[in-house]
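See below for the structure under consideration.
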There are 2 protein chains.
Amino acid sequence: MPGGRNTKQKQHIISILKNADRPLSINEIYNKIIKHLPRIAKSTIYRNIDLLLENNLIEKFHLNDSEIFYRFKEHRNDHAHYIICNECKSVYNLPTCPIREIEASIEAEGFTIKEHQIQINGICKHCSTNM
Amino acid sequence: MPGGRNTKQKQHIISILKNADRPLSINEIYNKIIKHLPRIAKSTIYRNIDLLLENNLIEKFHLNDSEIFYRFKEHRNDHAHYIICNECKSVYNLPTCPIREIEASIEAEGFTIKEHQIQINGICKHCSTNM
DNA sequence: GTAAGTGCAAAATGTTTGCATTTCT
DNA sequence: AGAAATGCAAACATTTTGCACTTAC
């Protein structure tokens with residue numbers, strides 16, 4: 001089991017995130033999980049989320065304003081390049097990494113790039129036809 | 001005065017942000033401002049920051065992990081395209097917007113882009129020579 | 001003068017921690 | 001058996017709110 005022991009709490013958290021079609025907040029995870037594990041404590045979710053983050057299995061997002069969401073990574077070295085619908089919060093991947101082209105010129109200036117992220121917000125096709 | 005009345009609290013907050021060479025957190029603003037206005041309440045800073053955000057004079061960042069920072073906008077329609085040094089937190093602007101080139105293809109898929117942001121983190125020239 | 005803004009204290013929110021108990025391995 | 005994880009309650013940190021007082025206009 002990645003990131004420690006295989007508890008049913010952790011199983012549920014992973015499966016909830018894996019099956020979600022968009023990033024979830026701690027509360028959303030909690031509200032889903034209590035249906036199956038009514039006695040689970042929120043601190044358990046916080047602790048497991050930390051473990052999963054440390055083990056690079058999930059990633060953290062700041063969507064709208066200050067709300068924090070988590071998403072299961074398909075590939076451990078995914079890096080954040082997303083198109084997010086403000087309505088339904090669906091997350092699409094960017095097909096290419098537009099940073100790659102300008103990376104060289106930035107590094108030429110003496111800046112060492114450690115990570116980068118790109119986020120595009122808007123309204124997806126589906127939501128715009130339903131409005 | 002943009003965003004309401006011209007109080008000395010607001011004057012100070014604006015001038016602190018204008019003169020900062022990097023984004024500042026609420027606490028950093030507070031610690032600077034109490035030197036001049038010892039009785040200022042943190043809630044006043046929160047309220048003014050909200051006002052300035054609504055009036056599009058400053059913008060909000062999530063730097064490292066969950067720390068929130070604010071920065072004075074040079075131009076009201078600046079959009080976030082930054083290169084940030086993880087060490088000294090200096091913020092540099094990206095010379096070009098690499099999104100522009102892929103915008104058309106995303107919109108062609110039926111997605112309406114509302115806003116986007118790009119953030120590149122790393123170590124700046126100055127900090128890497130001092131290590 | 002009056003409405004907006006402030007300071008203060010209290011409340012609400014979100015997250016973390018300590019500890020006794022439970023559960024994996 | 002032993003270590004790690006859990007549930008619970010309390011602690012913490014951050015942000016928001018209510019209200020009487022002050023200040024800008």
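We name chains A, B, ... by the order of the sequence lines, and we start the count at 1 in each one. Every value quoted in this text rests on a predicted model; they were computed, and no experiment measured them.
Within the nucleic acid shown, B/R5 comes within 4.0 Å of at least one base atom, counting heavy atoms only.
If you measure from atom CD1 of B/I26 to atom C1' of C/dT13, you get 16 Å, rounded to the nearest angstrom. When the P atom of C/dG14 is taken as reference, atom CG of A/N27 falls 6 Å away, rounded to whole Å. Nucleotide C/dA4 holds its C1' atom 15 Å from the CD atom of B/Q11, rounded to whole Å. Atom pair A/E67:CD and C/dT13:P shows a separation of 14 Å (rounding to whole Å applied). Computed from coordinates, the A/N48 CG to C/dT23 C1' distance equals 13 Å when rounded to whole Å. Atom P of nucleotide C/dC8 and atom NZ of B/K42 are separated by 13 Å, given to the nearest angstrom.
Residues A/Y82 and A/Q117 have side chains not in contact (no heavy-atom distance under 4.5 Å, counting atoms from C-beta outward). You'll find the side chain of A/I49 reaches within 4.5 Å of the side chain of A/Y70, heavy atoms only. In this structure the side chain of B/R71 never reaches within 4.5 angstrom of the side chain of B/L17, judged on heavy atoms. Two residues are said to be in side-chain contact when any heavy atoms from C-beta on lie closer than 4.5 Å; A/E59 and A/F61 meet this criterion. Between A/Q119 and A/N121 the shortest side-chain heavy-atom distance falls below 4.5 Å.
Between A/K10 and B/T7, the residue whose closest nucleotide on DNA chain D is further toward the 5' end is A/K10. When each of A/Q9 and B/G4 is assigned the nucleotide of DNA chain C bearing its nearest heavy atom, the one mapping closer to the 5' terminus is B/G4.
In this model, the phosphate group of C/dC8 is approached by a side-chain N or O of B/R39 to a distance below 4.0 Å at OP1 or OP2. Proximity of B/S43 to the phosphate of C/dT6: no side-chain N or O atom is located under 4.0 Å from OP1 or OP2.
Of the candidates C/dT6, C/dT17, C/dT16, the closest approach to any side-chain atom of A/R47 belongs to C/dT17. Between C/dT16, C/dC8, C/dA3, one nucleotide has an atom nearer to the side chain of A/Y46 than all others, and that is C/dT16. When the nucleotides C/dT15, C/dG7, C/dT25 are ranked by their closest atom to the side chain of A/N6, C/dT25 comes out on top.
Both B/I14 and B/Y46 belong to a single network of hydrophobic side chains, linked directly or stepwise wherever heavy atoms of I, L, V, M, F, W or Y lie under 4.5 Å apart.
Taking the 5' to 3' direction, DNA chain D first and last meets chain B under 4.0 angstrom from a heavy atom at D/dT14 to D/dC25.
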